[in-house]
Every structure is written in C-alpha cells, then in structure tokens.
*Asks:* 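I'd like to ask some things about the structure below.
Nothing here was measured: the structure is a model prediction, and the numbers come from that model. Below, all heavy atoms of this structure are taken into account, side chains as well, without hydrogens, waters or symmetry copies.
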Amino acid sequence: MKTMRIGEVAKQAKVSVETVRYYERQGLLREPPRRASGYREYDDDTVALLRFIRRAKELGFTLKEIGSLMQLRSDASATQSQVRRQAKNKLAAIEAKITDLQRMRDALLLLLETCHGDGPAGECPIIESLQGSDLP
C-alpha cells in the first residue's frame, strides 16, 4: 500500500494541511503512524475520509454530527434509517434557518421602506426602530 505525506493527502482531498491536522485533533481522523524521519504516513483511506468530511460539511453538518455519521459508516450493525434520521434532522435545522433568514429579510425590507436616506442619522427610522423594543 502506497503511503503519502500530509501535503499530498490534503491536495487529493482538496483541503488544507491545517485542516487535516485539525481533524486529527478533533478525533475525526486517527493520528497516522510516523516514518523514522518523523513524517506522518497517510493512506488512501484517509483521503476518502477527508472527502467524506468535506462533503458532509458542505451539506451543513457540524463536526460532531459528522463524527456520528462516521461512526454509523463504520458500524456493521448500523442501519440506513439511523443515517436517514440524522439527515432529516439536519434538513429540519436548515429549513428553520431559512425561515429565520426570510423573517430577517422581510424586517429589513420594511425598515428600508421607512428610510429615504435624507437627514441626520440620529433621526433615521431604521436607527429609531433598532433602539425600540420590537422590530417590524
């Protein structure tokens, strides 16, 4: 089996060297064996794990959630329904964030309609609204 140094692994997985080290510190990757020279020796499995982590992060999973998915991935008794449950929970969290972002957008649009951009900033309806107790 061919081994690689950290720079090659990072390049193949499209992450930085620091990211590889960070994931090791976080326990997502086991610390690899070292050569006599002290260099770490990585294999293709590490590249696959890094790609898995990167893709999961792109879908919004936290490192803790990714660790849980990785455990399911390596557990022969784990079921697809367990993985599906985690994905459904993540989707629900994303949808809640979208709802919050839409509410913030709508509130800002209303505030922008009240301010015409003329006059002193202290008299701006946006500033006044932010100082109040409730937003539109």
Side-chain angles (χ1 to χ4, degrees):
M1 171 174 42
K2 176 188 163 212
T3 61
M4 298 168 270
R5 291 181 29 190
I6 194 168
E8 180 61 24
V9 168
K11 182 178 178 182
Q12 285 189 26
K14 297 181 181 168
V15 298
S16 71
V17 168
E18 282 307 310
T19 297
V20 176
R21 290 184 180 132
Y22 179 73
Y23 292 159
E24 286 175 5
R25 288 192 303 271
Q26 296 303 307
L28 292 174
L29 298 175
R30 61 176 168 38
E31 189 168 325
R34 293 182 180 260
R35 296 178 184 169
S37 63
Y39 287 111
R40 297 173 176 141
E41 291 185 319
Y42 296 90
D43 57 22
D44 290 333
D45 290 342
T46 305
V47 175
L49 280 174
L50 286 165
R51 288 178 179 159
F52 179 94
I53 295 166
R54 184 175 46 83
R55 289 176 183 141
K57 282 186 61 64
E58 288 170 355
L59 291 173
F61 288 98
T62 65
L63 292 184
K64 183 178 178 182
E65 292 165 335
I66 293 168
S68 178
L69 288 170
M70 289 173 67
Q71 285 177 347
L72 291 173
R73 177 181 180 260
S74 63
D75 181 354
S77 65
T79 64
Q80 290 183 20
S81 66
Q82 291 172 288
V83 176
R84 182 178 165 79
R85 186 176 320 114
Q86 286 199 12
K88 281 183 75 171
N89 289 343
K90 178 49 64 181
L91 180 60
I94 289 169
E95 287 175 343
K97 284 182 184 180
I98 290 170
T99 299
D100 287 344
L101 287 169
Q102 288 172 332
R103 182 191 50 78
M104 289 187 290
R105 183 199 64 213
D106 293 346
L108 279 170
L109 284 170
L110 283 172
L111 288 173
L112 284 168
E113 288 177 11
T114 66
C115 178
H116 302 289
D118 298 326
E123 296 173 11
C124 176
I126 296 172
I127 297 289
E128 290 173 354
S129 178
L130 293 172
Q131 292 173 353
S133 60
D134 291 324
L135 291 174

*Asks:* Is NZ or CZ of R5 both nearer than 6.0 Å to the six-membered ring centre of Y42 and within 45° of the ring axis?
*Replies:*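 No cation-pi geometry.
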
*Asks:* Quick check for you: to the nearest 0.5 Å, what is the distance between R84 atom CZ and L91 atom CG?
*Replies:* 10.0 Å

*Asks:* Does any non-hydrogen side-chain atom of P32 lie less than 4.5 Å from one of E24?
*Replies:*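 They are in side-chain contact.
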
*Asks:* Quick one: CD on E128 to SG on C115, what's the gap to the nearest 0.5 Å?
*Replies:*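 Result: 9.5 Å between the selected atoms.
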
*Asks:* If I take atom CD from residue Q26 and atom CZ from residue R21, how far apart are they, to the nearest 0.5 angstrom?
*Replies:* 15.0 Å

*Asks:* Measuring from L101:CG to I94:CD1, what's the distance to the nearest 0.5 Å?
*Replies:*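 Result: 11.5 Å between the selected atoms.
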
*Asks:* Side chains of Q86 and Q82: is there a donor and an acceptor less than 3.5 Å apart?
*Replies:* no

*Asks:* I'd like to check R55 versus L59 (side-chain heavy atoms, cut-off strictly below 4.5 Å). Are they in contact?
*Replies:*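 They are not in contact (no side-chain heavy atoms under 4.5 Å apart), so the answer is no.
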
*Asks:* Measure from the side-chain N and O atoms of E65 to the backbone N and O of T62, and report whether any donor-acceptor pair falls under 3.5 Å.
*Replies:* yes

*Asks:* Quick one: does any side-chain atom of T114 pair with a main-chain N or O of L111 as donor and acceptor, under 3.5 Å?
*Replies:* yes

*Asks:* Do L110 and E113 come within less than 4.5 Å of each other through their side chains, counting heavy atoms only?
*Replies:*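 SC-SC contact between L110 and E113 confirmed.
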
*Asks:* Do the side chains of K2 and D44 get nearer than 4.5 Å, heavy atoms only?
*Replies:* no

*Asks:* Considering non-hydrogen atoms only, spot the tightest contact between G7 and V17 and give its length.
*Replies:*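 What the structure gives for the nearest pair is CA-CG2, 3.9 Å.
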
*Asks:* Taking the side chain as C-beta and beyond, is there a heavy-atom pair between Y22 and L28 under 4.5 Å?
*Replies:*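 Side chain of Y22 against side chain of L28, heavy atoms only: no contact under 4.5 Å found.
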
*Asks:* Please answer: with hydrophobic residues joined when any side-chain heavy atoms are less than 4.5 Å apart, are F52 and V83 in the same cluster?
*Replies:* yes

*Asks:* Can you name the closest pair of heavy atoms from R51 and Q12 and give their distance?
*Replies:* NH2-O, 2.9 Å

*Asks:* What I'd like to find out is whether the side chain of Y23 reaches to under 4.5 Å of the side chain of L63, using heavy atoms alone.
*Replies:*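 Side-chain contact under 4.5 Å: yes.
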
*Asks:* Check for a donor-acceptor pair, side chain of S74 on one end and backbone N or O of M70 on the other, with a separation under 3.5 Å.
*Replies:* yes

*Asks:* Would you please test I53 and E58 for side-chain contact (heavy atoms from CB on, under 4.5 Å) and show each step?
*Replies:* CA-CA 9 Å; I53 295 166; E58 288 170 355; over 6 Å; no

*Asks:* So which heavy atom on G60 is nearest to which on K90, and how close?
*Replies:*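 Looking at all heavy atoms of both residues, the closest pair is O-NZ, 3.0 Å.
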
*Asks:* Is there a donor in the side chain of T99 and an acceptor in the side chain of Q102, or the other way round, less than 3.5 Å apart?
*Replies:* no

*Asks:* Could you walk me through whether T46 and M4 pass side-chain contact (heavy atoms from CB on, under 4.5 Å), step by step?
*Replies:* CA-CA 10 Å; T46 305; M4 298 168 270; over 6 Å; no

*Asks:* Quick check for you: to the nearest 0.5 Å, what is the distance between Q71 atom CD and I66 atom CD1?
*Replies:* 12.5 Å

*Asks:* Counting only heavy atoms not in R105, do more than 12 sit closer than 6.0 Å to its CZ atom?
*Replies:* yes

*Asks:* Using atom types as modelled and distance alone, determine if a side-chain donor or acceptor of R40 lies under 3.5 Å from a backbone N or O of I6.
*Replies:* no

*Asks:* Measure the spacing between CG of L29 and CG of L49 and express it to the nearest 0.5 Å.
*Replies:* 6.0 Å

